[in-house]
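No hydrogens, no waters, no symmetry mates; every other heavy atom, side chains included, goes into these values.
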Protein chains: 2
Amino acid sequence: MANIREVAKRAGVSVATVSRVLNDSDSVSEETRERVLKAIKELNYHPNLLGRNLRRSETKMILALMPNVSNPFYARVVKGIEDVAHKNGYNVMLCNTDSDINREKVYLEILKNRLADGVIFMAPVMGKEELTLIGQNYPVVQCCEYIEGAGVSYVSIDNFSAAYKAVKHLIGLGHKRIGMISCENNFVSTKQREAGYKKALEDSRIEFDEKLIKYGDYSFKSGVRAAKQLLAMEERPTAIFAISDIMAIGAIRAIKEERLKVPEDIAVVGFDDISFASMYDPMLTTISQPKYDLGCVAMELLIKHMCGKLEEPQRIFLEHELIIRESTVK
Amino acid sequence: MANIREVAKRAGVSVATVSRVLNDSDSVSEETRERVLKAIKELNYHPNLLGRNLRRSETKMILALMPNVSNPFYARVVKGIEDVAHKNGYNVMLCNTDSDINREKVYLEILKNRLADGVIFMAPVMGKEELTLIGQNYPVVQCCEYIEGAGVSYVSIDNFSAAYKAVKHLIGLGHKRIGMISCENNFVSTKQREAGYKKALEDSRIEFDEKLIKYGDYSFKSGVRAAKQLLAMEERPTAIFAISDIMAIGAIRAIKEERLKVPEDIAVVGFDDISFASMYDPMLTTISQPKYDLGCVAMELLIKHMCGKLEEPQRIFLEHELIIRESTVK
DNA sequence: TTGTATGCGTTATCAC
DNA sequence: GTGATAACGCATACAA
């Protein structure tokens, strides 16, 4: 495979000139430029970026760490990240952490080994202290899930208001006994959504009943299980708010299995507006996050960090939206 | 950030010795090794792989090109690729081509620029000639979709037999008028599945009716649309075979909207066994591909190619399975 | 067992 | 406008 010296030789110029042509430097005559271009074509030369990267000590690669590539929610976020990245000459390395701290660590080695210029965490697994440390040494942005107080920028939505709006919608439909399917993790989103749920009840003078919160793990099966627990209660809820669409869909499945109807007997609201939400029967009422924009803004932030244009960590919240569909209103 | 020279200085050895410790060379005394390790720790040193990669002219990175990260089918394949890759010291760059030839080209630059050691195509967009050329110059494996005759290895399933089995299942249930939802693309899988459908009919002496094949684009909406066309026929089918689960789910939606029941009025079979297939109501009968294994085998093949252990292109077919669920049998 | 010296392919600084 | 050359950080052949 040809290298820059062979190109130079063939074009009858120095390697410096070839490099200038490669990098669109203006100080090269039209005639030489064409000679070089010709040589490049004839040799089918592709610059070896390993050399360039070493020299410039940058790779124009960024790391995007997410819990799960197959999660349709993150798919849209990634699209936003990629679009902005490409527009700015960056490539994106998508990495599955499976929410496993060890896998996360392994991928961060890529950053530490200078194979990537920065990193976007979709859902950091490590603790605050570690994140702080990473943030001090490398360009980092958090997107969607985030850790507060680590001095690291993030872009997300106001999960408290979103949950509040979802539950208020149910209350507005006359529901008073509203179950919630949450998760036993420490995500900010989870805590905030639970808080929004409680506040909505409180503002409508509905007493909070701890037993109405059941827990899953974001999976379909766990949604089924949690809903069954709610349905088995003596005084069972007439509506369910789940913190993810997949769990909401699991809940609907459970309700149907009990020969009950959605929304007539029990209304269901999800969260995220994944594509499958509008494919289901009934179509799911849910909170739509600006997934694509979240990704775009995160990448823009990261670029600023990498250029050193941003010292202070930023906290950015984008707008969400309640999408009303068949699972709450016939 | 510390480099190898600083580590050497601090440990009171030469850079060569540090390099030896880094690469687990045996010819270094236990005592020096420990001194070096100590220095590495104290300086929080991480080797700059840009240097190593340039020197070794390899990156231990491989490219995985897929049409769509969010497609749950590919998600499992990717998992297989990643697991084998990591076990062998490789990292995987996941890339979304959106089935766009230009995006595919851009990502292949990464390969040509020596930033990756090899590539796995989940669904090549380029033509046979181009793929042949790539295959002659770089380690390449095709996984799932593939182009025959380009001299490039692939691993997939026998789509013909799979479709045959699916349609035979419907015929066995007494169906004689069976619609098909296919796609107007040139994927081998598509052609083979159509052929399998026809052969199954033929073997059961059911006359093939061209009008019973409708076309979608793998999307939910296109599945709805195609099914509506089938339902609008004078003599409408009593069963539908779709070449993707998502389109099958779209078909079920359309059938329900016509106030018909699945499977009582119309049975439906999908293809792929994505996770949603068993979440839907009714749960979907479908062909399950060994997604994870497909990924594993593809990566193993690629590694062999990269090590130069494999000159001849391989053609590997893995087993599939018909999963019978509610959408065909109550 | 360890050190010295060279080169991987490129960019960038300095001359001319 | 162009060329010579010194890095970038590392691995390795060879020498000691």
Of the residues in residues 1-8 of chain A, which ones touch DNA chain D at a heavy-atom distance under 4.0 Å?
none
Rounded to the Å, how far apart are A:Lys9 NZ and C:dG9 C1'?
16 Å
Whole-Å gap separating C1' (D:dG9) and CG (A:Leu115):
13 Å
When the distance from CZ of A:Arg33 to C1' of D:dG1 is rounded to whole Å, what number comes out?
12 Å
Per B:Ser14 side chain, nearest of listed nucleotides C:dG3, D:dG1, D:dG3:
C:dG3
Beyond-backbone contact of A:Arg103 with B:His86, side-chain heavy atoms, under 4.5 angstrom
yes
Got a sec? Which of residues 40-57 of chain A come in under 4.0 Å of DNA chain D, heavy atoms?
A:Leu54, A:Arg55
Position toward the 5' end of DNA chain D (nearest nucleotide), A:Val15 or A:Ser29:
A:Ser29
Answer yes or no: does atom CD of B:Glu148 have more than 12 heavy-atom neighbours from other residues, nucleotides or ligands under 6.0 Å?
yes
Which pairs, protein N/O on one side and nucleotides 14-16 of chain C N/O on the other, fall under 3.5 Å?
none

Chi angles and distances behind the side-chain hydrogen bond (donor to acceptor under 3.5 Å, both in side chains) call for A:Glu145, A:Ser189
CA-CA 7 Å; A:Glu145 294 298 339; A:Ser189 67; 2.6 Å; yes
Name the nucleic acid region contacted by B:Val13, choosing base, sugar-phosphate or nothing; use a 4.0 angstrom heavy-atom cut-off, strictly under.
sugar-phosphate
Can you check whether A:Leu49 reaches B:Arg114 side chain to side chain, under 4.5 Å on heavy atoms?
no
Using a cut-off of strictly less than 4.0 Å, decide whether A:Thr32 has a side-chain nitrogen or oxygen near OP1 or OP2 of D:dT2.
yes
Taking C-beta and beyond as the side chain, do A:Leu108 and A:Leu65 meet within less than 4.5 Å on heavy atoms?
yes
Rounded to the nearest 0.5 Å, how far apart are CG of B:Asn96 and CD of B:Glu104?
12.0 Å
Roughly how far apart are B:Asn48 CG and A:Lys112 NZ, rounded to 0.5 Å?
14.5 Å
Over 60° means perpendicular and under 30° means parallel, so classify the ring planes of A:Tyr154 and A:Phe317, tilted if in between.
perpendicular
To the nearest 0.5 Å, what is the distance between CE on A:Met122 and OG1 on A:Thr97?
9.5 Å
Interatomic distance, A:Leu54 atom CG to B:Leu54 atom CG [nearest 0.5 angstrom]:
5.5 Å
Please classify the nucleic acid contact of A:Ser27 as base, sugar-phosphate, or nothing, using heavy-atom distances under 4.0 Å.
base
Face-on cation placement of B:Lys60 at B:Tyr90 ring, 6.0 Å and 45° thresholds:
yes
To the nearest angstrom, how far is B:Leu22 atom CG from D:dC10 atom C1'?
9 Å
Rounded to whole angstroms, how far apart are CG on B:Asn23 and P on D:dA13?
12 Å
It should be established whether B:Thr17 places a side-chain nitrogen or oxygen under 4.0 Å from OP1 or OP2 of nucleotide C:dG3.
yes
